[in-house]
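Below: the structure, in structure tokens.
We count ligands from 1, going down the list as the structure has it; atoms in each ligand are counted the same way.
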Amino acid sequence: MNDLSRAINEQRAALEGAWSRVLDSSYVVMGPEHAAFEAELAALVGATDAVAVASGTDALELMLRATMPGGRDVVVTAANAGGYTTTAARRGGFTVRYVDVDAQTHLVDPDALLKVLDERVGVVVVTHLYGRAADVAAVRAVCEPRGIRVVEDCAQAIGARTDEGPVGSRADAAAFSFYPTKNLGALGDGGAVTTSSEEIAARLRALRQYGWDAKYRIGVDGGRNSRLDEAQAAVLRTRMPLLSAQNEARRGIIQRYAAVGASGVRVLPAEGAGHVGHLAVVVADDRARLREHLESHLIRTDVHYPVPDHLQDAFRDEYADVSLPVTASLADRILTLPCFAEMTPDEVDRVCGALASY
Ligand SMILES: Cc1ncc(COP(=O)(O)O)c(C=O)c1O
């Protein structure tokens with residue numbers, strides 16, 4: 001599904017240069033690389049501030065804590081995005097409510113959203129799933145008149161842009177993950193939140209470091225230690241200039257799969273700057289048969305994601321009365337094909353050939 005060694009080998013000299021800069025400076029957390037990375041990320045997404053943290057899940061949790069309006073406690077999200085928002089919201093002490101997704105885009109359905117909003121809902125999380133920029137404006141139009149904040153989960157969509165601007169700048173705040181297989185991946189864990197609100201940025205900076213608003217002074221309750229290492233910041237700075245070309249390569253791979261297609265299989269399209277090709281997902285009438293066919297051609301597949309959040313064993317009892325028919329039906333039919341920027345043309349051809357012979 002992925003081969004991290006290829007990017008590491010191609011970028012070896014630059015990555016060694018980045019490590020060396022860190023060793024030379026002797027700053028290991030929150031030093032010059034970290035500061036420069038935050039500034040570069042904010043510029044990339046068109047936000048005034050970026051606050052780096054230790055992982056994407058931490059970014060989601062701290063973002064929810066920093067944006068939840070007083071007196072409210074419910075986070076609304078789709079249930080098909082791998083459980084990260086659910087984990088983060090529950091860790092933040094919030095109640096999670098789910099909304100169904102659109103059958104074509106697999107993204108939050110603004111019409112379905114209307115049915116789950118009430119005065120307890122404080123934040124709606126819009127996930128740009130598989131690399132596709134969601135319609136944040138439509139969600140804001142529903143939420144803002146009700147005093148509900150909208151935030152983005154950009155973990156799978158860094159670099160995606162629409163007519164309204166890049167993802168990460170279109171809501172109150174946005175979370176990013178730099179897990180190694182992400183389009184912009186670290187050599188370890190990392191995450192960040194972007195925002196153009198000074199107040200939210202200040203809360204995030206306090207929350208990521210014990211709640212401090214000044215050294216050894218806890219001004220914000222609910223803080224933790226979630227810092228991005230200087231070494232990871234240096235790696236991310238080395239890789240950020242490559243992002244746009246790599247996104248283009250990923251998109252191109254998905255477009256090849258879509259052009260070939262297969263009977264009983266719908267390849268989710270990845271066209272234009274609004275999609276960064278994070279995952280090549282297809283919807284198959286008979287997933288097990290497609291998977292077996294691809295495996296017989298030595299092509300690995302995966303499922304993103306097999307169990308919707310509200311059906312996860314750890315808390316399914318709480319959601320016994322929740323029905324998300326589109327989410328549930330897609331979970332049984334989706335399949336992810338290999339897609340990463342360093343795939344060779346031969347490998348892409350092999351996947352296309354296997355699809356064609358299905
Ligand atoms: C959509 C989405 N949100 C959040 C995360 C969480 O990021 P992390 O693994 O860095 O905690 C991920 C990836 O892992 C993700 O794909």
Side-chain angles (χ1 to χ4, degrees), residues 1-2 4 37 41 45 50-65 67 75-92 94 96 98-99 101 105-108 123-134 136 139 150-160 167-168 171 173-194 204 207-208 224-229 232-233 235-236 239 247 250 268 275-281 302-309 312 327 330-331 334 336 339-340:
M1 288 295 287
N2 208 323
L4 295 180
F37 173 66
L41 179 66
V45 308
V51 179
V53 297
S55 74
T57 310
D58 280 3
L60 285 166
E61 180 193 337
L62 301 187
M63 174 172 75
L64 292 173
R65 286 180 188 269
T67 53
V75 173
V76 170
T77 186
N80 66 338
Y84 307 104
T85 290
T86 294
T87 298
R90 292 179 73 94
R91 238 173 40 182
F94 303 119
V96 186
Y98 296 106
V99 61
V101 294
T105 64
H106 300 213
L107 305 175
V108 65
V123 182
V124 171
V125 181
V126 179
T127 305
H128 303 295
L129 196 65
Y130 305 148
R132 178 178 181 138
V136 177
V139 175
V150 178
V151 298
E152 302 171 75
D153 180 348
C154 303
Q156 301 191 358
I158 188 166
V167 302
F176 292 81
S177 163
F178 307 116
Y179 180 75
T181 58
K182 294 290 186 256
N183 290 35
L184 177 60
L187 293 174
D189 277 306
V193 183
T194 55
L204 286 163
L207 287 167
R208 76 170 165 194
R224 52 160 57 226
N225 174 356
S226 180
R227 293 180 291 231
L228 178 73
D229 288 347
Q232 298 306 342
V235 167
L236 291 166
R239 290 181 158 179
N247 286 350
R250 286 174 180 264
L268 295 193
H275 203 304
V276 294
H278 179 59
L279 291 174
V281 174
D302 204 343
V303 177
H304 296 89
Y305 295 90
V307 183
D309 296 17
Q312 293 284 358
T327 300
L330 291 176
I334 46 177
T336 309
C339 177
F340 58 101

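Between Val303 and the choices Val281, Ile334, Thr336, the side-chain contact (heavy atoms from CB on, under 4.5 Å) rule is met once, by Ile334.
The closest approach between a heavy atom of His278 and any atom of ligand 1 is not below 4.0 Å. By the 4.0 Å heavy-atom criterion, Tyr305 is counted among the residues contacting ligand 1. Every heavy atom of Asp58 sits 4.0 Å or more from the atoms of ligand 1.
For ligand 1, the atoms sitting less than 4.0 Å from at least one non-hydrogen atom of Leu60 are 4 (C), numbered in the order shown with element in parentheses. Atoms of ligand 1 lying under 4.0 Å from at least one heavy atom of Ser177, given by number and element, are 7 (O), 8 (P), 10 (O).
Nearest non-hydrogen protein atom to atom 14 (O) of ligand 1 is Lys182 NZ, 3.3 Å. With hydrogens left out, the protein atom closest to atom 5 (C) of ligand 1 is Tyr84 CG, 3.4 Å, a heavy atom.
A pairwise comparison of heavy atoms in Pro180 and Leu4 identifies O-CD2, 3.6 Å as the closest pair. Here the shortest heavy-atom pairing between Glu152 and Val136 reads OE1-CG2, 4.1 Å. Contact detail for Ala186 and Gln232: the closest heavy-atom pair is CB-OE1, 3.2 Å.
Proximity annotation for atom 1 (C) of ligand 1: of Thr85, Thr87, Leu279, Asp153, Asp153 comes nearest, heavy atoms only. Counting only non-hydrogen atoms, the option in Thr57, Thr181, Asp189 that gets closest to atom 11 (O) of ligand 1 is Thr57. Considering His128, Gln156, His304 only, the shortest heavy-atom separation from atom 16 (O) of ligand 1 involves Gln156.
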Verdict with supporting geometry, Phe176 and Val45, side-chain contact (heavy atoms from CB on, under 4.5 Å): CA-CA 11 Å; Phe176 292 81; Val45 308; 3.6 Å; yes

side-chain contact (heavy atoms from CB on, under 4.5 Å) evaluation trace for Asp309 with Val96: CA-CA 10 Å; Asp309 296 17; Val96 186; over 6 Å; no

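Every N/O-N/O distance between Thr127 and ligand 1 stays at or above 3.5 Å. Geometrically, ligand 1 and Gly56 share a nitrogen or oxygen pair separated by less than 3.5 Å.
In summary, the side chains of Thr86 and Tyr98 do present a donor paired with an acceptor at a separation below 3.5 Å, with no hydrogens or angles considered.
One finds a salt bridge joining Asp58 and Arg91 here, because a Lys/Arg side-chain nitrogen approaches an Asp/Glu carboxylate oxygen to under 4.0 Å.
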